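The structure appears below as structure tokens.
These numbers come from the heavy atoms of this one structure, side chains and all, not from hydrogens, waters or symmetry mates. So that the names make sense, note that chain A is the first sequence line, chain B the second, and so on, each numbered from 1. Everything numeric here is computed off the predicted structure, so don't read it as measured data.
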2 protein chains.
Amino acid sequence: MDDQPRADRPRDDHSRADDPRRPRPRLRLEDLARRLGVSRTTVSNAFSRPDQLSAELRARVLDAARQAGYAGPNPVARMLRTGRAGAIGLVLPEPLPFALDDPTTSELIRGIADACEERRLGLLIEPGALRAADPRVIGDVAVDGFIAYSLPRSAAALQRLLAGTTPVVVIDEPRLPDVATVTIDDRAGARDAARHLVGLGHRRFGIVALPFQADGYDGLADAARVADPDYDVTAQRLAGYREALEEAGLDAAAVPIVECAHSDEGLGREAARLLLGGTEPPTAILAMSDRLALGVIAAAQELRVPVPASLSVVGFDDLAAASHSRPALTTVRQPLRLKGYAAARLLLETPGPTADGLDLPVELVVRRSSAAPR
Amino acid sequence: MDDQPRADRPRDDHSRADDPRRPRPRLRLEDLARRLGVSRTTVSNAFSRPDQLSAELRARVLDAARQAGYAGPNPVARMLRTGRAGAIGLVLPEPLPFALDDPTTSELIRGIADACEERRLGLLIEPGALRAADPRVIGDVAVDGFIAYSLPRSAAALQRLLAGTTPVVVIDEPRLPDVATVTIDDRAGARDAARHLVGLGHRRFGIVALPFQADGYDGLADAARVADPDYDVTAQRLAGYREALEEAGLDAAAVPIVECAHSDEGLGREAARLLLGGTEPPTAILAMSDRLALGVIAAAQELRVPVPASLSVVGFDDLAAASHSRPALTTVRQPLRLKGYAAARLLLETPGPTADGLDLPVELVVRRSSAAPR
DNA sequence: CTGCTGTTCTTGATCGATCCAGAAACCGCA
DNA sequence: TGCGGTTTCTGGATCGATCAAGAACAGCAG
């Protein structure tokens, strides 16, 4: 009788139990099976398919497993055989601490987590997809599907993901043909925001934009930067703004645009100072996110430009902070949490690869930060 | 020459590209090797050990891989063989949306993420470890190590983790022998907080506590609930409070304790109403977290009990919100982000299983919410 | 007793890679 | 030419499970 794990074909010689630094040799199904005098499959079934063996034998197996300190089938081996990983991957452009600080991203994660919770799946976060070096690691993990959030068109990590066979759902951007993408109607939302301001009588505008290119630039965006954007969301929102401005007979291309590298109050403040510092400052600023808009309001208050009396501000997102700010922010509401949830469901429900996406509606929410110009 | 994947033992015939719903048959190293007329190992080396083959052949292999749509070695198979997963697991007691809303937890996650970023590892979050059913799924994923955060002693999920061979580091609790645990000096911190109030001259106290038992109870905690606590952190902090009170000659066991099921402003408010509603209300309240303390301050303001004039409040954690509140909160600072970072480092650096833990210092931060009683 | 159905358990193949020992090719140099 | 020493490449074993097909045995009708 051998009671040792793998008495017949011992592991590599140097992994004897006498080296305390090495993890103790892992017990396998087979070792347990041998001790019990049953087959591997029987032990496997005891854990994974209770209907395949008698209740009594199953109890005996589980009991022996507990005694022997066998915690259950090795998840990696199971994955290899079954092809299921029990987790979905979330690929984020920025490092994780940044993502957690950003209310937009963390609300989105909540939505994804809702879906994971329903299905009892883990969520594997792979942040930092934008860092230049080492694109190798992204996508090199065991998951049943990837959600890629808000990557620039040029991101190498996304190419890697799409080249593989694991299903991928993209949220927001890039919008690629033949890739399932969950989006909102950015263009319509932006257009409604601009129309609202035009309707109030504004004629002099400024735009505080999300990045056009993934190069970390902050400052005035000239035609070249805007011409071939790396971020589709930015492009769509700009198109929406311009559409409304042109409807009103304005020269949309002449409206100054300040680009911010991130959606962040500090950068919004700087951008607003730039726009408000000119000789003919705008009476209305369109900001592509709420955080940027809140920065704009902060800058206006510092410069003693009353909002909305002398300056109207409209954001995008409708974060919780938008309704708490003073004045409360007029903005375009998007269903962030639902967006995450929908993406996860799309990923999990579609059996094979799909290109069918989902476009969620947005809604203009008028609050106190916008009014007719004096 | 055969150019088909696995020409010798073909996959299911119908899974050629003509059925768009099926995942296309995954190419293996071997298929690629056959096409190129080299061996599996050579192709493997081209991806994973560039020094093992000539640069020219490597280029040819990678080129052919790109052409064929081969995205690189299957991560699961690699894991099985190498035993490395490229990710660490974080086991949280609550569902993920809840964890993201909680500043304590999310700061901790940031710290863990810092370490993951350094090592280029993914972070696999397994939330909801406390839910009763289905303990099976926790720990049934491929990771190189687990961090378990703030679980009650009775949590079945933790037993499962410890039974396995994957290394585990526990943060905060439970404090078990032979398990590596990263803690703070909860008892000393609590003692300092209580000493501070005693030193100011307070004699009538109330305690707003974190849970003693994992049963969702809110309300006054009698001796029975306190006697055999399921949460070590709560027990330690209470011991610290009591130590300082007894030093001052007070009957610590007589100080009323209100237990809250979560660290949450709303529950802190309710708890404070309970404590302040009595005939001889306390002049000082010790709260085991900042969120609870902020709730206490909110309740005091609603009840027109001025803080700190008529009521002193001391929290625990030193969240950002503590210094922004009115009045700014006196509290015990703990290095949350460092705690997460340290746990991850401990997990990654220790080659085998360790029981060595780490105890991080805390520091009393006196602000405006505490003063001498009238 | 034979034949049939159904339960219970076992064997051999397989998932897709990496590792190891060794073969083949190539090198310089006596 | 012969020989040790590199460099480059190969095939078989292995990681630890699941799955499909089949064996052993039971109960039951004819």
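- A donor-acceptor pair under 3.5 Å is formed between the side chain of B/T181 and the backbone N or O of B/V179.
- Between the base of C/dT11 and the side chain of A/T41 there is a donor-acceptor pair shorter than 3.5 Å.
- Taking every side-chain heavy atom of A/N74 into account, D/dA17 is the closest of D/dG11, D/dA17, C/dT10.
- Each of A/L29 and B/S54 was matched to the nucleotide of DNA chain D holding its nearest heavy atom; the match closer to the 5' end belongs to B/S54.
- Residue-level contact check: B/R40 touches the bases, meaning some heavy atom is under 4.0 Å from a base atom.
- Proximity of a side-chain donor or acceptor of B/D232 to a complementary backbone N or O of B/E173 within less than 3.5 Å is not detected.
- Distances shown here put a side-chain N or O of A/R49 below 4.0 Å from the OP1 or OP2 atom of D/dC19.
- One atom, CG of A/L57, and another, P of C/dT7, lie 17 Å apart when rounded to the nearest Å.
- Whole-Å rounding puts the B/M79 CE to D/dC15 C1' distance at 13 Å.
- Here D/dC9 presents its C1' atom at 10 Å from CD of B/Q52, a figure rounded to the nearest Å.
- When heavy atoms are screened at a 4.0 angstrom cut-off, A/T82 is found touching the sugar-phosphate backbone but no base atom.
- B/D63 has no carboxylate O lying under 4.0 Å from a charged side-chain N of B/R60, or vice versa, which leaves the two without a salt bridge.
- Judged by atom type and distance alone, B/R78 does not reach the base of C/dT18 through any side-chain donor-acceptor pair under 3.5 Å.
- In this structure, of D/dG16, C/dA17, C/dC9, it is C/dC9 that holds the atom nearest to the side chain of A/T42.
- Taking atom CZ of B/R60 as the reference point, atom C1' of D/dT8 lies 13 Å away to the nearest angstrom.
- The number of heavy-atom neighbours closer than 6.0 Å to CZ of A/R84, taken from other residues, nucleotides and ligands shown, is 12 or below.
- Taking atom CG of residue A/L36 and atom C1' of nucleotide C/dT10, one finds them 15 Å apart after rounding to whole Å.
- For B/Y70, no side-chain nitrogen or oxygen approaches OP1 or OP2 of C/dG16 to under 4.0 Å.
- In terms of modelled atom types and a separation under 3.5 Å, the side chain of B/D172 and the main chain of B/S150 share no donor-acceptor contact.
- Atom pair A/D31:CG and D/dA17:C1' shows a separation of 12 Å (rounding to whole Å applied).
- Nucleotide C/dC19 holds its P atom 16 Å from the CZ atom of B/F47, rounded to whole Å.
- If you check every strand for non-hydrogen atoms under 4.0 Å, A/V76 touches nothing.
- Among the heavy atoms of the strands lying under 4.0 Å from B/L53 are primed sugar atoms or P, OP1, OP2 only; no base atom is included.
- Taking atom CZ on B/R28 and atom P on C/dT14, their separation rounds to 10 Å, with Å as the unit.
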